[in-house]
Amino acid sequence: MPGFKADFLWGGAVAAHQLEGGWQEGGKGVSVADVMTAGAHGVPREITDGVLPGKNYPNHDAIDFYHRYKDDIQLFAELGFKCFRTSIAWTRIFPKGDELEPNEAGLQFYDDLFDECLKYNIEPVITLSHFEMPYHLVTEYGGWRNRKLIDFFVRFANAVFTRYRSKVKYWMTFNEINNQANYHEDFAPFTNSGVKYQPGEDREVIMYQAAHYELVASALAVEAGHKINPDFKIGCMIAMCPIYPLTCAPDDMMMSVVAMHRRYWFTDVHVRGYYPKHLLNYFARRGFKLDITDEDLQLLTRGRVDYIGFSYYMSFVTKAKEDNPQLDYDETKSLVPNPYVKASDWGWQIDPVGLRYSLNYFYDMYQLPLFVVENGFGAIDKPESDGVVNDQYRIDYMRDHIREMKKAVVEDGVDLMGYTPWGCIDLVSAGTGEMKKRYGLIYVDKDNDGNGTLARSRKKSFWWYQDVIKHNGDNL
Ligand code: P53
């Protein structure tokens, strides 16, 4: 029966800052995630000026994976994981970000972590920068608005590529680099780029400048990685929320095309190695003067990615408006609800078909292998009297998405490398800092206020996903 390839990378995904804790252990420096307080749905996380007394910083301790990773990886092995996606906390390797030499204790931690994965034949899939850059680079350099960050990042990439060249084959450079297309809110510019805006600044042009430096840094890293080990597969990582037109009115359709341009041009540069003409024309229309040198443009062509990693949780909808004849896209104003789908408690619209659509979109555009490196359902879980979480809603979500993913492979011919559902073990939410927005197949006893034993237990979805992996997705 046709289906997923025999070596399909089933696994799970996390990010260092959301689960490790140990924020001051092994010489680790303060990251941007360490200065973000807990928020809630509709209550943004506060970005404080350094770590302040009396505030709740949920990432400091997270779920203590730093000390418990051996037990957790054993559970992943029991699930049958072929791979495990996590990130390397930049601040464990370069605590401030601008040092010349890496921190040995940090390097050793990931050596031990990867060895533990490899012991069970679990392939590490590693993101270099996942919302956790050194905070020092924010205060001293203004984050990625500064060209100097390119050198710091490339030094970090070289250090870890070299150290783990025989342990890690699959890499990604910047997690969800395109989140910052929403530069109107403070969250994405800070987590993607360490950018804090001053009142009155032109946020948009600063975002494009920061993203450009990141894309150059990514290209340099890809080029360096391929020299260090020609077998490395180095991908980009895009937050994919396809933007549908609300109606078949031609202007709505065109609004959707332009909105997609503004949110997804990052992929063009990563994959093709040059800027799309529509964006250069947009820069000209807006009068943006960006620091993009001829040498940068050369470098971009040399560091094209090997695959496209992307997250998929939800789809968006947009519509044209009379007061917006140029079809400009503002992520805080241009989106409308989709009347055909339901949403999670956090307002994320549930649309499994959108995953098949997204796989087709990427494959039609780029013909590169694809990797669904995040997908999942953030929900409130309540253990029943026997202590088990009966998360049928999560099983339904994942089953429906995997089915659509399979259609993309079997019917549409998409080249799909693997699937790593997000937060395979409960962890701190990136968007809200909550514990109660859970994604895990494994429950962690900890609440929003930090209370709990941190004990791990298997949810109903644990057994279900274990069976999916065992049958390579053929039992759905
Ligand atoms: P949380 C927005 C839209 C899509 C994905 O998110 C996003 C975000 C940022 O909140 O983030 C990714 O925890 C990200 C993970 C994050 C996960 O999705 O807000 O790569 O770090 O935890 C889920 O529910």
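Atoms within a ligand are numbered from 1 in the order they appear, just like the ligands themselves.
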Quick one: does [X] get an N or O within less than 3.5 Å of an N or O on ligand 1?
X      : result
Tyr439 : yes
His17  : no
Val428 : no
Ser311 : no
Trp422 : yes

Does [X] come within less than 4.0 Å of [Y], counting only side-chain N to carboxylate O?
X      : Y      : value
Glu434 : Lys437 : no
Asp381 : Lys459 : yes
Asp412 : Arg356 : yes

Asp351 CG to Glu404 CD distance, which is reported to the nearest 0.5 Å: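 Rounded to the nearest 0.5 Å, the CG-CD separation comes out at 8.5 Å.
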Pairwise distance CZ(Arg203) to OH(Tyr183) - rounded to 0.5 angstrom: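 One finds 10.0 Å between CZ of Arg203 and OH of Tyr183.
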Heavy-atom pairs closer than 4.0 Å: do any link ligand 1 to the side chain of [X], the backbone, both, or neither?
X      : value
Ala239 : neither
Tyr313 : side chain
Ala15  : neither
Trp348 : side chain
Leu427 : neither

Closest protein heavy atom (residue, atom, distance) for [atom]:
atom                    : answer
atom 11 (O) of ligand 1 : Glu176 OE1, 2.9 Å
atom 9 (C) of ligand 1  : Phe187 CE2, 3.8 Å
atom 22 (O) of ligand 1 : Gln18 NE2, 2.8 Å
atom 1 (P) of ligand 1  : Ser429 OG, 3.5 Å
atom 20 (O) of ligand 1 : Glu374 OE2, 2.7 Å
atom 19 (O) of ligand 1 : Gly431 N, 2.8 Å
atom 16 (C) of ligand 1 : Ala430 CB, 3.7 Å
atom 3 (C) of ligand 1  : Met314 CE, 3.8 Å

Proximal ligand 1 atoms for Lys437, defined as those under 4.0 Å from one of its heavy atoms: 1 (P), 19 (O), 24 (O)
Contact atoms of ligand 1, heavy-atom distance to His130 under 4.0 Å: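 Contacts of ligand 1 toward His130, numbered from 1: 14 (C), 15 (C), 20 (O), 21 (O).
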Donor-acceptor pair, side chain of Gln349 and main chain of Asn338, under 3.5 angstrom: yes
Do the ring planes of [X] and [Y] sit parallel (below 30°), tilted (30 to 60°) or perpendicular (above 60°)?
X      : Y      : value
Phe153 : Trp90  : perpendicular
Trp23  : His60  : parallel
Trp171 : Phe161 : perpendicular

Asp391 and Ser461: side chain donor to acceptor below 3.5 Å: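 Indeed, the side chains of Asp391 and Ser461 share at least one donor-acceptor pair under 3.5 Å.
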Contact summary for Arg145 and Tyr197, nearest pair of heavy atoms: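 Nearest heavy atoms, Arg145 then Tyr197: NH2-CA, 4.1 Å.
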Phe109 and Tyr66: CA distance, side-chain angles, deciding distance, ring pair (Phe, Tyr, Trp, His ring centres under 6.0 Å) verdict: CA-CA 8 Å; Phe109 171 70; Tyr66 186 76; 4.5 Å; yes
